[in-house]
Amino acid sequence: MELSKTFDPKAAEQRWYGRWLELGYFTADPARPGPVFSMVIPPYNVTGALHLGSALNVTLQDIVVRARRMQGYNTLWVPGTDHAGIATQNVVEREIGKEGTNRHDLGRTAFEKRVWEWKELYGGRILEQLRRLGASADWTREHFTMDADLSRAVLKVFVDLHREGLIYRDRRLINWCPRCETALSDLEVEHKDSDGSLYFIRYPFKQESGHVTVATTRPETMLGDTAVAVHPADERYAHLHGKLLDLPLIHRQIRTIFDDAVDREFGTGAVKITPAHDFNDFEIGRRHKLDEISVMDTRAHMNAEAGPFKGMSREACRRAVVDALKSEELLEKIEPHRHAVGVCSRCDTVIEPMISTQWFMRMKPLAEKAIAAVRDGRTTFHPKFWENTYFNWLENIHDWCISRQLWWGHRIPAYHCERCANLMVAIERPAKCEKCEGRDLVQEEDVLDTWFSSALWPFSTMGWPEETRDLALYYRPNERKQYEGTQYEGTTLLVTAFDIIFFWVARMMMIGLKVTKQVPFRDVYITPLVRDKYGKKMTKSRGNVVDPLELMDKYGTDAVRFTLAQLTVQGRDLVLSDERLTASRAFANKIWNAARFVLMNLEGAAQPIPRPAQDKLSLADRWILSRLDEAIAKTRETLDSYEFNNVALTLYQFIWHEYCDWYIELAKEPLRASGAQRDSTRWVLVHCFDQMLRLLHPLMPFVSEELWQALRPYFDEPKLADHLVVAEFPVANGGEWLSQKERDAMDHCREATEAINSLRSLLGYHPGQRMKAALRRPRSLELALEEFPSWMGYVMTLAKLESFQYTPSAATEFLVRSCGWAEICLEKPAGFDSERTAAKLSKDLDEVTKFVTQHEARLNDDGFKAKADAETQRLVAEKYVALRAEQEKLREQLEQLTAG
RNA sequence: GGGCGGUUAGCUCAGCGGUAGAGCAUCGGUCUUACACACCGAGGGUCGCAGGUUCGAUCCCUGCACCGCCCACCA
């Protein structure tokens, strides 16, 4: 098979993904043997496009699931999408807005139909992009949060929790977005600092002259004031007891009240109370049984309660109120004031706290169980410090407002009786009112928060509430073979970003525990955040999003995946750079070319190449095989602990710097020979390649499959899979490829190389590429010495190649001789700066001498002798000896240099 | 106001109780029968600051500074 000179990622990507799908490699089969590995993808917003965060997320999941599949696990990876209530509704509303209409004109049914149409058209786009990334998810089990079966699960959970009193309806102050015209949960409100003003307003006494001055950032809400509060211990205001005030502009009579919640230091120490438009005031209001007067409508325009200001927007009203107060000389002063303003996370509109009847979920009892599950280790976060964040939020949790005044979502299964106003909650619409038997039942208009259905995702996608085979095996795996013998519950792994720990992870934990009586996942891997080059979070609204598809076009999917893995260190944000991507692309190409080399040298080789007997393997063969074993062990280890950067690093180092740089070079000579020597080298080359590609496959699925297929005819594995994607993951063979003597020799070789390097730098001569040229020449010192320029490279080569055969002392002798010859034979090359070299040497010498003295002192120190244990003393002594040797060497070199 | 993470080479980042590492960039040298997306080599760092623990600290502890993030009803 001919391979092109460079790797073409597109061809490989197109060739293999479709094949894998056709052959059903990603489809889970509950009947399969083996331990279970299951995972659900964080459902993507149907409005979403692939961004780097999701590319990272999917890449990491795919790496794990591919590795587990190769390791023989029964794997399931469920993909799917989320209906994304507000986001999707907004998109479609914008679309029909362009057509000159709106959802109210269209009506609920027609609008819902429009959204479904939109979803069918565009909702699958993100999943298409996941396939492009190589995601090996089970597409036969793709789900959408509003699928019929998932919707049923939603209704069942709602009804069950309502019956238990965990879901209830209440009228209270909630976050309201006047643009989306819906209630929001606390989490959907973002707090942004904004430069505002603090207005000091005089509230006159009702029955006598005089006034109290209050400070507020929102003068327009004074129209809804029902009291002025001061701290009970504030002597400045002791005289306010029982006083009534005349609310300016509106002339409503309001009370003065005393409450600990008032901060005496802030403003004037007196605060106006607007229970219907401020969370603090609402609490105080309920404590003092104040009226709750809402002065705005659902679009945050002033309503009839605002009297003359009716119909104004809140902004216009603020200006009008300030003007009116000024003209009545009730505005004392205005100070600049910076404070946090809550805005809608979807549309950035300033949130208005509003009194409203909504549905809530009681969180405290659920949160306690969710905390306990992580505390006792049934679920573990990686990195662990995220557990603090999780605990912190759950410990201070408030009830969750789950109803939304939207049309796109799961409509709340509650029915109002038109006749007696009775409210019934049931999965199916009741035939008649259970109280008055009336037949006019109207379903609740509100839908549920999108995150409600997401919270059920790990088990609703498995078929819950039906006891399906999937649910039994992949969600309750303890019933079958255990994951590495460990008892655990739920799916095996969840990979997600930290910004939805509260929105999603914590809620899945709470509801999963409540509904299925077990945790929904064992491990939670929190991915780092992908940031732009300025370290900013990439968000659509910031417009700083890098499109992963463009990166894949430019560098190839494998390179993008490899780069993301390489940069993924637990607990640290990830800044993507072109340099890294370029390096990864070069890596793919390097492997490609190594394969070309191997194939080129397989001409006429047997298919398969028979495995040579152990004693036919050369030292170089056994060396690379032993290194391969170490690479396998390390890859498995780092994969298990989710150290993605180290997985990538291990493979990069082994493939590039050991297999390519050394073994391929060493193989060139035996390959030129014929017979047994060539055959065993061929086998080692191919065997290593096979194993390397398997290790690499989870990270770089396309290039690895492509090359594996090309080399496959030569593999000697007896039961070979048809595709790498389902081939067995390597296991270190554990055999001692090298004898102890050889290990020692290799260590010595390393030292020898260092010695030669320092000799070379002493001479200031850089032989460069000639080392490799020397490889091709007869290995004879005499010949090498004839040609001065090649000499140094030759020494290096010999040292590396031949010191394997030398005993350490012989190798030393060889080196010493070489150095001596260098003295005799070599003239100092042009450009050699002896002064500079001498300076460097003496600097090194000084430094080493410093350490020698230090160690000497330490060894002679009585305190050290007394305190340090034997092992430590031995270590320090050893170090001292080494340092002395180093010192001696440097001194000699320096002498030689100055003498010459 | 709480909490979390970071500060290591020009850049992006690993690492670690025993005289500092990678990739890229820089500089010098290589057309060598896989690869110039390559090869060989060089330069470059008081590991944010100050204390403490230790025979020994870049690493552990305390404090500080700066950067970033999350949470929080101070009007």
Side-chain angles (χ1 to χ4, degrees), chain A residues 3 5-7 191 198 214-218 221 229 261-263 265-268 270-274 278-283 337 339-340 342 353 383 385-386 388-389 392-393 396 498-499 501-502 529 531 533 535-537 559 566-567 569 571-580 582-601 645-646 649 652-653 660-661 664-665 668 672 757 760-761 764-773 775-776 793 796 831 847-848 850-851 854-855 857-859 861 863-868 872-873 875-876 879 883 886:
Chain A
L3 297 184
K5 203 171 173 184
T6 52
F7 171 53
H191 294 275
L198 195 57
V214 298
T216 179
T217 54
R218 300 197 57 199
T221 62
V262 178
D263 180 355
E265 308 300 318
F266 189 87
T268 61
V271 57
K272 65 189 219 39
I273 300 296
T274 323
D278 183 282
F279 285 96
N280 245 331
D281 295 1
F282 178 78
E283 295 295 326
H337 182 66
H339 63 130
F385 65 75
W386 285 114
N388 290 332
T389 309
N392 201 17
W393 186 68
N396 300 302
F498 74 83
D499 52 352
I501 289 180
F502 305 147
L529 197 66
R531 297 182 175 277
K533 58 185 165 180
K536 290 278 180 218
K537 196 170 156 180
Q566 189 184 30
L567 295 174
V569 177
R572 188 147 166 165
D573 293 343
L574 176 164
V575 178
L576 198 64
S577 66
D578 282 339
E579 288 79 21
R580 287 280 181 165
T582 306
S584 299
R585 182 178 56 190
F587 181 48
N589 192 54
K590 182 79 184 176
I591 300 163
W592 182 263
N593 274 293
R596 278 184 70 213
F597 172 82
V598 171
L599 279 169
M600 201 177 282
N601 281 287
N645 63 322
N646 286 328
L649 188 68
Y652 187 93
Q653 286 293 337
C660 292
D661 282 358
I664 284 187
E665 294 304 331
K668 282 177 177 171
R672 266 194 299 274
N757 277 337
R760 197 177 36 207
S761 84
Y765 175 64
H766 311 297
Q769 186 58 23
R770 293 181 200 280
M771 181 200 86
K772 286 207 172 175
L775 269 165
R776 298 190 306 275
M796 269 194 75
E847 208 155 296
V848 171
K850 197 180 87 193
F851 283 109
Q854 217 176 69
H855 279 71
R858 218 176 277 165
L859 287 167
D861 180 46
F864 175 65
K865 282 183 198 160
K867 284 187 202 164
T872 311
Q873 298 212 17
L875 271 174
V876 174
K879 194 79 206 170
L883 281 167
E886 174 90 23

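Residue numbering restarts at 1 for every chain, and letters A, B, ... go by the order of the sequence lines. Everything quoted here is computed from the prediction, not taken from an experiment.
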Practice task
Please name all residues satisfying side-chain hydrogen bond (donor to acceptor under 3.5 Å, both in side chains) with Asp578(A), sequence neighbours left out, ordered by chain then number.
Solution key: Tyr555(A)
Exercise for the section: Could you tell me which residues satisfy side-chain hydrogen bond (donor to acceptor under 3.5 Å, both in side chains) with Asn593(A), sequence neighbours excluded, listed by chain and number? Expected result: Arg596(A)
When you compare the protein's N or O atoms with those of nucleotides 72-75 of chain B, which come within less than 3.5 Å of each other, and at what distance?
residue: C73(B); atom: O2'; partner: Asn280(A); partner atom: ND2; Å: 3.3
residue: C73(B); atom: O2; partner: Asn280(A); partner atom: OD1; Å: 2.3
residue: C73(B); atom: O2; partner: Asn280(A); partner atom: ND2; Å: 2.4
residue: C74(B); atom: O2; partner: Asp263(A); partner atom: OD2; Å: 2.6
residue: C74(B); atom: N3; partner: Asp263(A); partner atom: OD2; Å: 2.6
residue: A75(B); atom: N6; partner: Asp263(A); partner atom: O; Å: 2.7
residue: A75(B); atom: N6; partner: Phe266(A); partner atom: O; Å: 3.2
residue: A75(B); atom: N1; partner: Asp263(A); partner atom: N; Å: 3.2

Problem - Any residue meeting ring pair (Phe, Tyr, Trp, His ring centres under 6.0 Å) with Phe7(A), in chain and number order, not counting sequence neighbours - result: Trp592(A)
Contacts under 3.5 Å, N or O only, protein and nucleotides 13-16 of chain B:
residue: A14(B); atom: OP1; partner: Arg572(A); partner atom: NE; Å: 3.2
residue: A14(B); atom: OP2; partner: Arg572(A); partner atom: NE; Å: 2.8
residue: A14(B); atom: OP2; partner: Arg572(A); partner atom: NH1; Å: 2.4
residue: A14(B); atom: OP2; partner: Arg572(A); partner atom: NH2; Å: 3.2

Handout entry: Residues that His337(A) engages under ring pair (Phe, Tyr, Trp, His ring centres under 6.0 Å), provided they are two or more places apart
Key = Phe266(A), His339(A)
Exercise for the section: Using side-chain contact (heavy atoms from CB on, under 4.5 Å) as the criterion, list what pairs up with Asn646(A), not counting sequence neighbours. Expected result: Thr638(A), Glu643(A), Leu649(A)
Handout entry: Proximal nucleotide (of G23(B), C35(B), C39(B)) relative to the Asp661(A) side chain
Key = C39(B)
Problem - Donor/acceptor link under 3.5 angstrom from Lys590(A) side chain onto base of C37(B) - result: no
Practice task
State which residues pass side-chain contact (heavy atoms from CB on, under 4.5 Å) with Ala586(A); sequence neighbours excluded, sorted by chain then number.
Solution key: Trp656(A)
Exercise for the section: Only counting residues at least two apart or in another chain, list the ones meeting salt bridge (Lys or Arg N to Asp or Glu O under 4.0 Å) with Arg580(A). Expected result: none
Fill in the blank from the handout: The dot-bracket string of RNA chain B, counting Watson-Crick and G-U wobble pairs with both distances under 3.5 Å, using [ ] for crossing pairs and | for pairs to another strand, is (((((((..((((....[..)))).(((((.......))))).....(((((..]....))))))))))))....
